[in-house]
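Every chain is numbered from 1, with letters handed out A, B, ... down the list of sequences.
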Amino acid sequence: MSNALDNQYQPSKIEQAIYKAWEDRNAFAARDADSAYCIVIPPPNVTGSLHMGHAFQDTIMDLLTRYHRMKGDQTLWQVGTDHAGIATQMVVERRLAADNISRHDLGREKFIEKIWEWKAESGGTITRQLRRMGAAIDWTRERFTMDEGLSEAVEEVFVRLYEEDLIYRGQRLVNWDPVLHTAVSDLEVESAEENGSLWHLRYPVSGEQDTYLVVATTRPETLLGDSAVAVNPEDERYKHLIGKTVDLPLTERQIPIVADEHADPEFGSGCVKITPAHDFNDYEVGKRHDLPLINVLDKNASIDLPGSDYHGLDRFEARKRMVADLQEMGLVDAIKDHKLMVPRGDRTGSVIEPYLTDQWYVKVEPLAKEAIKVVEDGEIKFVPESWNTTYFNWMNDIQDWCISRQIWWGHRIPAWYDEDGKVYVARNEEEAQAKAGAGVTLTQDNDVLDTWFSSALWPFSTLGWPEKTPELNKYYPTNVLVTGFDIIFFWVARMIMFGLKFTGQVPFREVYIHGLVRDQEGDKMSKSKGNVLDPIDLIDGIDLESLVAKRTKGLMQPKMAAKIEKQTRKQFPNGIESYGTDALRFTFASQATLGRDIRFDLARVEGYRNFCNKLWNASRFVLMNTEGRDCGQNGGDIELSLADRWIISRLQEVEKEAAEQIDGYRFDQLAQTLYSFVWDEYCSWYVELTKIVLNDETASEAQQRGTRQTLVRVLETTLRLLHPIMPFITEELWQSIKDLAGVDGDTIMNKEFPTPDADKIDSQSVTEMKWVQNVITGVRNIRGEMNISPSKALPVLLNNASQHDLNNLEQYSHYLMKFGRFESIDVLSQESAAPESATALVGSLKVLIPLGSFIDAEAEVVRLNKELEKAEKDIAGVAGRLNNPAFVDKAPEPVIAKARQQLQEAETTKAALLEQLERMTAFISK
RNA sequence: GGGCGUUUAGCUCAGUUGGUAGAGCAUCGCCCUUACAAGGCGAGGGUCAGUGGUUCAAGUCCACUAACGCCCACCA
């Protein structure tokens, strides 16, 4: 970290070096304190890589952690990664498939070894990327869901739940993924409307010639597993058939006609075929009527009916054949187009099959009850609050959670079977053996647990549970969970349930739910659409060819490549510039509004990169004017100017707002507050005004010292305010100026977050400063409208000056002269003495610039008319209100007073403008 | 079928307990003024999706409508 600042901000020159310095110095370790602050990261997939959603989320978590560290809390941002069972297994399987190897060729043990190898190889990607984001993480505490300790927690939880009958094993209909050959939970099934058909099939009524019952189905191939036909008990058309049987086509079986509410007389023919082994509804109907479960599919979802013509056929092929056969037999009544909801596995996209298997379940209802209560009672708060509804809706109607998966990568279920199939659930094989008795041969259950089972323990398993560790004591319950709405059910709800169950406490006090990061068009970013942005590319920049290559590589549908390439070339003709981490983080903060998705806009990143540059250059200015000079670090008289007092006063207000905004999770407002303070107040006004003192040879040592001190100290404080959002640039600049500001410390991240001092709020200086600003802005406006060069010094006359104006003028004329670039200021003693001029109004004060070579009377008339129009519009609005008796009668006094004042001001303005207009027109006509 | 969200300047978005609309970017004009052209100064631009209601007063509260989006749900 050098002291000489380049004259242009170049993030690449500072960011990585600073991070390394922090890490080398172990600066991220928590500092001991009484109060604690803890956030656990939603663990990303261990072999994944950082996407925009992560970058956004990480920015917020890091911002909060850094803020609390600066506030003096003992902070822990607990990070780590998730083994992501199915996702990771699929990745590795795909890699093996490239060499024509299946996992079955390798066998379970070898395959798992391969996955660990892959983790070792690619597992560092995401943590490297987190470092690039500037994340203040104590890396010694990094955890992985399949670490030994976390795995013990999983076993402990499983055993305890089993012992309390909250985990059970049973044969149920599950969502079966025929590609993965595993059960998945309800949440892993995504239903979407698709075009299909509704087949109306004729089932001959047994023993009756030419009498058919027409059933409507979207799944004709499951006919082979039908065990009844249901009609509504109230349906007059079929009442007489209840209790009879039909001859099930394509089989030798006869099945009963039963009465059940499930059959809707309005839908289709009013008759439903009942296939209890292959449909969730039918399963329930089957239970009510004691119907047999006839399984006709195998784990690939092919027909499994040895001896049948359809045996071994894929379900969709079987469907075709069966329909053709039925048609031949004259048993197809009609085929109608029909839109239906098709359930697909979220990983494979294959059609999910309801399938009868043995699985492990968590009985969630008793857990959900407690989890609902803590949110109702406000022990856990969702931010924004509207997510409560979503949470309650789901929790109130929650189904048991199928937790077993027929895959290999994950926590193996801690259950063993003896030769008779008797199950022993235990923490480990020894314990199981002890339960079973010596000499009994045990085999462990082959299944592994749903990944979300271990994720549900994350807030306490990472802190050492089930051991009673100091970390658990210190940091649990954690403070806030920062996450996306998409995993409220998968993760948040389950953490709450398990947290309460096993620690007796909520896992976190608040849940900050953020939106999704979308592309500029508002589309979800996805690899297949080729609209993904890599946060690292925004930080480092990327040339067009590399970007195109990256976006078109490894597509599932290679034919999309051309389209993606075209679209990419159009959107980024010059690739992407390097903006740096700080600009990216500031962008995320500025877009972090509550309850809304983010449309990611590159123009904004550029704007905030420019903001970094502004801050950088302001700091250069400060350095140039304070380095090697006396800034009052060692005492000495200090005299503060109006500008000094004003900026210090404003700073107090900004400090107050900043803290409130962070505490309220309004990072967008925080960004806005700091941006405008730095740019519009510190740079545009304050820095400019300091030049007057700093370049004034007649200024006293105390005045110079006061200005230098204020210049550097306000900057130093501002850097601390900005640090949680922009860690790198603030550290770099802070290192350069800290000595001048009279502060010490190794790193800005351990300095206190600024807090306002009420004594430094100086409303008088704010008022007087406003006067100075108004006079200067008034003249600037005339310059702008008249196209007068800023370098041209203007003679200025003041007319109708009040005592108050005269006082201000006496004190601050040097500001006006230099900053306003006035040639002279003269106060007119008599109204009538004013020459023809362009006029700016500051309250009742008239600031005049006499007509001359650079002031055009006609242009002034145009300008005055514009102003007049505004004034008249104001008057119309306010007068309208005041003339309404009801308003004067009922509105609160301060509102009325304010309106009266507005009216008076507007009318003063209007009168002055009219007078000027008159003079101008008279002048022109002369 | 339920539930939720969004609709404000050309674009992306703010707008706290109702007091008469703001920012950034883009646009237009003038400036290379000794921190910064990734800059300075000035300007233009909005019937706050629509209708109705409450109120002295509605972008803000209520009801309905429309469009878009998301979540949940077994209609075969």
Visitor: Between A:Tyr675 and A:Trp679, is the ring centre distance below 6.0 Å?
Guide: yes
Visitor: When you measure only distances, ignoring hydrogens and angles, does the side chain of A:Glu688 come within 3.5 Å of the base of B:A35 through a donor and an acceptor?
Guide: yes
Visitor: To the nearest 0.5 Å, tell me how far A:Met52 CE sits from A:Phe56 CZ.
Guide: 10.0 Å
Visitor: Using a heavy-atom cut-off of under 4.0 Å over every strand shown, decide if A:Ser791 touches base, sugar-phosphate, or nothing.
Guide: nothing
Visitor: Could you work out the separation of B:C25 and B:G39 based on their P atoms and round it to a whole Å?
Guide: 8 Å
Visitor: Please tell me which of the listed nucleotides, B:C4, B:C13, B:C75, lies nearest to the side chain of A:Arg599?
Guide: B:C13
Visitor: Rounded off to whole Å, could you give me the CD-to-P distance for the A:Glu627 and B:A35 pair?
Guide: 15 Å
Visitor: What's the closest nucleotide to the side chain of A:Ser386 if the choices are B:A35, B:G5, B:A76?
Guide: B:G5
Visitor: So which nucleotide from B:A23, B:A14, B:C36 ends up closest to the side chain of A:Gln669?
Guide: B:A14
Visitor: Donor-acceptor pair, A:Asp282 side chain versus A:Thr275 backbone, under 3.5 Å?
Guide: yes
Visitor: Does the ring centre of A:Trp616 sit less than 6.0 Å away from the ring centre of A:Tyr9?
Guide: yes
Visitor: Assess the residue pair A:Asp397 and A:Asn393 against the criterion (side chain to side chain donor-acceptor pair (under 3.5 Å)); give the C-alpha distance rounded to whole Å, side-chain angles, the decisive distance to 0.1 Å, and a yes or no.
Guide: CA-CA 7 Å; A:Asp397 192 30; A:Asn393 283 346; over 6 Å; no
Visitor: Check whether any side-chain N or O of A:Arg596 sits under 4.0 Å from OP1 or OP2 of B:U7, and answer yes or no.
Guide: yes
Visitor: Using a 3.5 Å limit on both pairing distances, list the dot-bracket string of RNA chain B from the 5' end; Watson-Crick and G-U wobble pairs count, crossing pairs take [ ], interstrand pairs take |.
Guide: (((((((..((((.....[..)))).(((((.......))))).....(((((..]....))))))))))))....
Visitor: Determine the contact category for A:His338: base if any of its heavy atoms lies under 4.0 Å from a base atom, sugar-phosphate if only primed atoms, P, OP1 or OP2 are that close, otherwise nothing.
Guide: sugar-phosphate
Visitor: Check each of A:Glu194, A:Glu190, A:Glu193 against A:Arg344 using the salt bridge (charged side-chain N to carboxylate O under 4.0 Å, His left out) test, and report the only one that passes.
Guide: A:Glu194
Visitor: Is the distance between the ring centroids of A:Phe667 and A:Tyr512 under 6.0 Å?
Guide: yes
Visitor: Which nucleotides of nucleotides 69-74 of chain B have their base under 4.0 Å from a protein heavy atom (B), which only their sugar-phosphate (S), and which neither (-), written as one string 5' to 3'?
Guide: --SSBB
Visitor: With a 6.0 Å cut-off on ring centres, are A:Phe819 and A:Tyr815 close enough?
Guide: no
Visitor: Does A:Thr389 put a side-chain nitrogen or oxygen below 4.0 Å from OP1 or OP2 of B:G3?
Guide: no
Visitor: What are the atom names and distances for every N/O pair under 3.5 Å that joins the protein to nucleotides 47-49 of chain B?
Guide:
none

Visitor: Is any side-chain heavy atom of A:Arg604 closer than 4.5 Å to one of A:Gln591?
Guide: yes
Visitor: In whole Å, measure the gap between the P atoms of B:G18 and B:U55 for me.
Guide: 16 Å
Visitor: Between B:C25, B:U12, B:C36, which nucleotide gets closest to the side-chain atoms of A:Arg604?
Guide: B:U12
Visitor: Show me the protein contacts with nucleotides 38-45 of chain B, counting only N or O atoms at under 3.5 Å.
Guide:
{"from": "B:A38", "atom 1": "O4'", "to": "A:Asn610", "atom 2": "OD1", "distance (Å)": "3.1"}
{"from": "B:A38", "atom 1": "O2'", "to": "A:Asn613", "atom 2": "ND2", "distance (Å)": "2.7"}
{"from": "B:A38", "atom 1": "N7", "to": "A:Gln8", "atom 2": "NE2", "distance (Å)": "2.5"}
{"from": "B:A38", "atom 1": "N6", "to": "A:Gln8", "atom 2": "OE1", "distance (Å)": "3.4"}
{"from": "B:A38", "atom 1": "N1", "to": "A:Tyr9", "atom 2": "O", "distance (Å)": "3.2"}
{"from": "B:A38", "atom 1": "N3", "to": "A:Arg609", "atom 2": "NE", "distance (Å)": "2.8"}
{"from": "B:G39", "atom 1": "OP1", "to": "A:Asn610", "atom 2": "ND2", "distance (Å)": "3.1"}
{"from": "B:G39", "atom 1": "O3'", "to": "A:Lys614", "atom 2": "NZ", "distance (Å)": "3.1"}
{"from": "B:G40", "atom 1": "OP1", "to": "A:Lys614", "atom 2": "NZ", "distance (Å)": "2.9"}
{"from": "B:G40", "atom 1": "OP1", "to": "A:Trp679", "atom 2": "NE1", "distance (Å)": "2.6"}
{"from": "B:G42", "atom 1": "O3'", "to": "A:Asn781", "atom 2": "ND2", "distance (Å)": "3.4"}
{"from": "B:A43", "atom 1": "OP1", "to": "A:Asn781", "atom 2": "ND2", "distance (Å)": "2.9"}

Visitor: In Å and rounded to the nearest 0.5 Å, what is the CZ to CG distance from A:Arg518 to A:Asp601?
Guide: 15.0 Å
Visitor: Looking across every strand, which nucleic acid part, if any, lies under 4.0 Å from A:Ala899 by heavy atom: base, sugar-phosphate, or nothing?
Guide: nothing
Visitor: Can you find a side chain N or O atom of A:Lys792 that sits less than 4.0 Å from OP1 or OP2 on B:U33?
Guide: no
Visitor: Select from A:Gln902 and A:Pro265 the residue whose nearest nucleotide in RNA chain B is closer to the 5' end of that strand.
Guide: A:Gln902
Visitor: Under the salt bridge (charged side-chain N to carboxylate O under 4.0 Å, His left out) rule, collect the residues that match up with A:Asp668, sequence neighbours excluded.
Guide: A:Arg666
Visitor: Residues from residues 876-893 of chain A sitting under 4.0 Å of RNA chain B, heavy atoms only?
Guide: A:Arg881, A:Asn884, A:Ala886, A:Phe887, A:Lys890, A:Ala891, A:Pro892
Visitor: Could you check whether the rings of A:Tyr682 and A:Tyr686 sit parallel, tilted or perpendicular, using 30° and 60° as the cut-offs?
Guide: tilted
Visitor: Measure from NZ or CZ of A:Arg780 to the centre of the six-membered ring of A:Trp685, then state whether that distance is under 6.0 Å and the direction lies within 45° of the axis.
Guide: yes
